[in-house]
There are 2 protein chains.
Amino acid sequence: MKPPRKGGFFVLVIPELRAVERSLLIVPKAIVIFFYYNSAVKPIKAVATEITTQSMQSNKLPTIKEIAKKLNVSVSTVSRALHDHPSIGLVTTMRVHKVAKELGYEVNKSAIYFKERKTYTIGVIIPSLAEPFFSSALCGVEDFAGQFNYNVIIGQSLDSFEREKRIVDNMKDHRVDGILVSLTKETSTYEHFDNLKKYNIPIVFFDRVPQKKDIHFVSCNLHSGMLQAISRFVDAGHKKIGLINGPAKMAATLQRLEIYFKCLKENNLPINYDIIASTTLSKEDNVKAIRKLIDQDKMPTAVMVFNDYVLLDCIATVKAAGLEVNKDISFISFANLPIWEYMDTRPLASIEQFSYKQASIATDFLFKLIEANNKGENTETNYMQQIIDSEMVNYPLK
Amino acid sequence: MKPPRKGGFFVLVIPELRAVERSLLIVPKAIVIFFYYNSAVKPIKAVATEITTQSMQSNKLPTIKEIAKKLNVSVSTVSRALHDHPSIGLVTTMRVHKVAKELGYEVNKSAIYFKERKTYTIGVIIPSLAEPFFSSALCGVEDFAGQFNYNVIIGQSLDSFEREKRIVDNMKDHRVDGILVSLTKETSTYEHFDNLKKYNIPIVFFDRVPQKKDIHFVSCNLHSGMLQAISRFVDAGHKKIGLINGPAKMAATLQRLEIYFKCLKENNLPINYDIIASTTLSKEDNVKAIRKLIDQDKMPTAVMVFNDYVLLDCIATVKAAGLEVNKDISFISFANLPIWEYMDTRPLASIEQFSYKQASIATDFLFKLIEANNKGENTETNYMQQIIDSEMVNYPLK
DNA sequence: TTTAACTACGCAAACGTTTGTGTAATTTTT
DNA sequence: AAAAATTACACAAACGTTTGCGTAGTTAAA
């Protein structure tokens, strides 16, 4: 920062000049005449009038153009002045700032989004907002994105493949900078995401992720949690450990089954298909599933359940059947719902899958990809992938 | 639709021509020569080549300009053709459509948003996604907005006034077409919404609404539900009906208190401040509040509780104190959480406030306001306001 | 045959902003 | 005193699309 060249007093030529000047501009005019050093600058009185003349305007929003017109400078000068670009003189910069303030000017981001081909918005596609698991995930996204001043737009697939497709398309139309997805139960093909590549929209999957290698994703490793659970059962003396699994279409279902087998093996327990059931997650089906397990001689004494919601129905059913939970039959499931704290009858434990954490990490990944995109780097060469460990949370007996 | 003027065969000049033609375009060339009727049109072979030449392009997205260049027509023609504008000839329209498809052209909404000064996006500001009440509300918004192909961006105020302010500002920057708000607990001034008027961004409040007349809002009338509740208590013979209220700052708190008084009066019951407590909604405070009521000789036999979450703590506390719920003391609260279905110990009833419905109606209002805005109508003259009745939902004794 | 109407397009402006380049006016260097 | 450098700005293009207006060429009406 150098002193002005000509005329006047330039008393105030110090490093903090701009800040000082700006504060001066709103104090008595007597002080502002310090700036009469440049012949190109109109007397301050003229500035004052030009400001007040049109201050109260139509309902049109003030633009950079109007500021330019008012001050008889070009729009480029105004734009630069507003960004405190060094090539614009101090006085001009100040006058621009002042008029901008007077007019209540605020930059039109829409114009910039368009020009920059960016929207500072990311999309989140989740099956359902009603499920705490996903609303908590959304929360993780929002918290993270908010720090970067990014907006979050949401789409509920409601576990419908068609809706998922439409939402993806819609978000592409909206030119979001990136997308986070947790797949529907129905999704087993992934072509509807391919189009995003053309638009350079990065995509990160979380929790319910595609069975593919060439993707960015964050998911939760069920093995750690389920191993803890089975061990817990085994340590308590259980030999017949059943499983109530989810819908066959869901990747999580197959995964749970595989890990269940693996964990049984690790504990030297035999596989018995009589104590394995599955449910579509509807209430009726949940009841059916647990009934299949308990309505037999070789009833399991412990059951791994697909999730806490299914378990709620299981508990109600076994109670109705006259069995006592945690005595005749013990449960461990997935989700770690906060509500258990208030329940009299609850499982031994539930396995936490950290939806908030998964979503946060996925969002972090997404921002890294967006950043790479901005730099023109190729993001399709090394994939960002993370699998976090699930964790069993014990519930003390009441 | 009239027949083409000159030359050729024009066998296909029928009302459904366009649809027919379009399907023809993807069938053998032999048929397409039907369109050699206009001298201005290049032979179909030329069309075919010009399409394939640059089909595989750079990573730049195809624009209307490129289509225009390829076909040697103006961008305005292409734009109109893509919209099937009648002033563009059939052949040209078809050629444009074909090239657009070949190129994988998709309109850049960002450009249109900017030009139209619309974003087809609405913002939703809620205290917390973690609360089912609000995530269900968000669900209502999303479902409704989705039908209109509107996007929804979210902001969590986390019950912080400062955050609410920032989010409003951010959404304004983003030029959303409208905003839905459920206020924070702290919000008691509303200047931060004033700026939105300048930008012609309509705002509809729901559930937690400002104490003002000149606003659009949807809220829930607690009187109906609470009257049902008190009557239920009275019918069961209760004389001492206590109240556990929320934080003093919240509008809902004052409202509950007033209605509580009113309902007592309507049932000819006296007001007794000894059986009224309040909580900041923290667990410790919830426990304190219920203890205040039960640790006295004139303990109430029935209590209206601020909401189901507070009630959960109340139930745990009275049980720990050796009291039996629904015998020594009965409860009715607000929220109607689905989880009660699975609880052994639950209140007599809970009052449903229809968050989904409130949000849906609010969204409907918002769209009406946006529509009015589009027509240039003034929306600040008659305010859209609706108060829906709360409703008590009974829980049968288990 | 002249005139009016219509068809099928092109031209250019507009939306609000950023940014590369050009250039007088002034100042510094030689 | 001439040349070089710097300052402080203006000009114009670009982003992709829509749309009012103009017009050559053709057809229909008078």
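Below, all heavy atoms of this structure are taken into account, side chains as well, without hydrogens, waters or symmetry copies. Chain naming here is simple, since letters A, B, ... match the order of the sequence lines and numbering starts at 1 in each.
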Open item on the list: Please report the distance, rounded to the nearest Å, between CE in B:Met94 and P in C:dC9.
Closed with: 12 Å
Open item on the list: Within the structure provided, determine whether B:Gln147 and B:Glu142 are in side-chain contact (heavy-atom separation under 4.5 Å).
Closed with: no
Task: By side chain to side chain donor-acceptor pair (under 3.5 Å) - contacts of B:Tyr120 (at least two apart) - done: B:Glu116
TODO: Please confirm whether any donor atom in the side chain of B:Ser74 sits under 3.5 Å from an acceptor in the base of C:dC9, or the reverse.
DONE: no
Open item on the list: Test of understanding: with side chain to side chain donor-acceptor pair (under 3.5 Å), list the residues that count as partners of B:Asp169, not counting sequence neighbours.
Closed with: none
Task: Between P of D:dT17 and NE2 of B:His85, the distance in whole Å - done: 17 Å
Task: B:Thr92 side-chain proximity, nearest of C:dC9, D:dG16, C:dG16 - done: C:dC9
- [ ] Name every residue in residues 111-120 of chain A that has at least one heavy atom under 4.0 Å from any atom of DNA chain D, in order of residue number, or write none if there are no such residues.
- [x] A:Phe114, A:Lys115, A:Arg117
- [ ] With sequence neighbours left out, write down each residue that passes side chain to side chain contact (heavy atoms under 4.5 Å, CB included) with A:Tyr199, or none if nothing qualifies.
- [x] A:Lys172, A:Arg175, A:Asn195, A:Ile201, B:Leu61, B:Glu106
- [ ] Rounded off to whole Å, could you give me the NZ-to-C1' distance for the B:Lys69 and C:dG10 pair?
- [x] 17 Å
Open item on the list: Can you measure A:Leu82 atom CG to C:dT19 atom P for me and round it to whole angstrom units?
Closed with: 13 Å
Open item on the list: Please enumerate all residues that pass side chain to side chain contact (heavy atoms under 4.5 Å, CB included) together with A:Phe114, with sequence neighbours excluded.
Closed with: B:Ala111, B:Phe114
Task: Contacts of B:Thr121 that satisfy side chain to side chain donor-acceptor pair (under 3.5 Å) - sequence neighbours left out - done: A:His174
Task: Whole-Å distance separating the CD1 atom of B:Ile64 from the P atom of D:dC15 - done: 14 Å
Task: Closest-nucleotide 5' rank along DNA chain C - winner of B:Arg175 and B:Val73 - done: B:Val73
- [ ] State which residues pass side chain to side chain contact (heavy atoms under 4.5 Å, CB included) with B:Lys115; sequence neighbours excluded, sorted by chain then number.
- [x] none
Task: Partners passing side chain to side chain contact (heavy atoms under 4.5 Å, CB included) against A:Leu82 (at least two apart in sequence or in another chain) - done: A:Ile64, A:Val78, A:Val96, A:His97, A:Ala100, A:Tyr105
- [ ] Check each residue of residues 370-378 of chain B for a non-hydrogen atom within less than 4.0 Å of any atom in DNA chain C, then write out the ones that pass by number, or none.
- [x] none
Task: Under 4.0 angstrom between A:Ser79 side-chain N/O and C:dT18 OP1 or OP2 - done: yes
- [ ] Describe, as an angle rounded to 10 degrees, how the axis at the first end of the helix from C:dT1-D:dA30 to C:dT30-D:dA1 is tilted relative to the axis at the last end, five pairs per end.
- [x] 50°
Task: Side chain B:His192, main chain B:Lys165, donor-acceptor under 3.5 Å - done: no
TODO: Could you please name the option among D:dT17, C:dC11, C:dT18 that lies closest to any side-chain atom of B:Arg80?
DONE: C:dC11
Open item on the list: Please list all pairs meeting salt bridge (Lys or Arg N to Asp or Glu O under 4.0 Å) that have one or both residues in residues 365-377 of chain A, counting only residues at least two apart or in different chains.
Closed with: A:Asp364-A:Lys368
Task: B:Ser76 vs D:dT19: side-chain N/O to OP1/OP2 distance below 4.0 Å - done: no
TODO: State which residues pass side chain to side chain donor-acceptor pair (under 3.5 Å) with A:Ser76; sequence neighbours excluded, sorted by chain then number.
DONE: A:Ser74
Task: Any B:Lys65 side-chain nitrogen or oxygen under 4.0 Å from OP1 or OP2 of D:dA14 - done: no
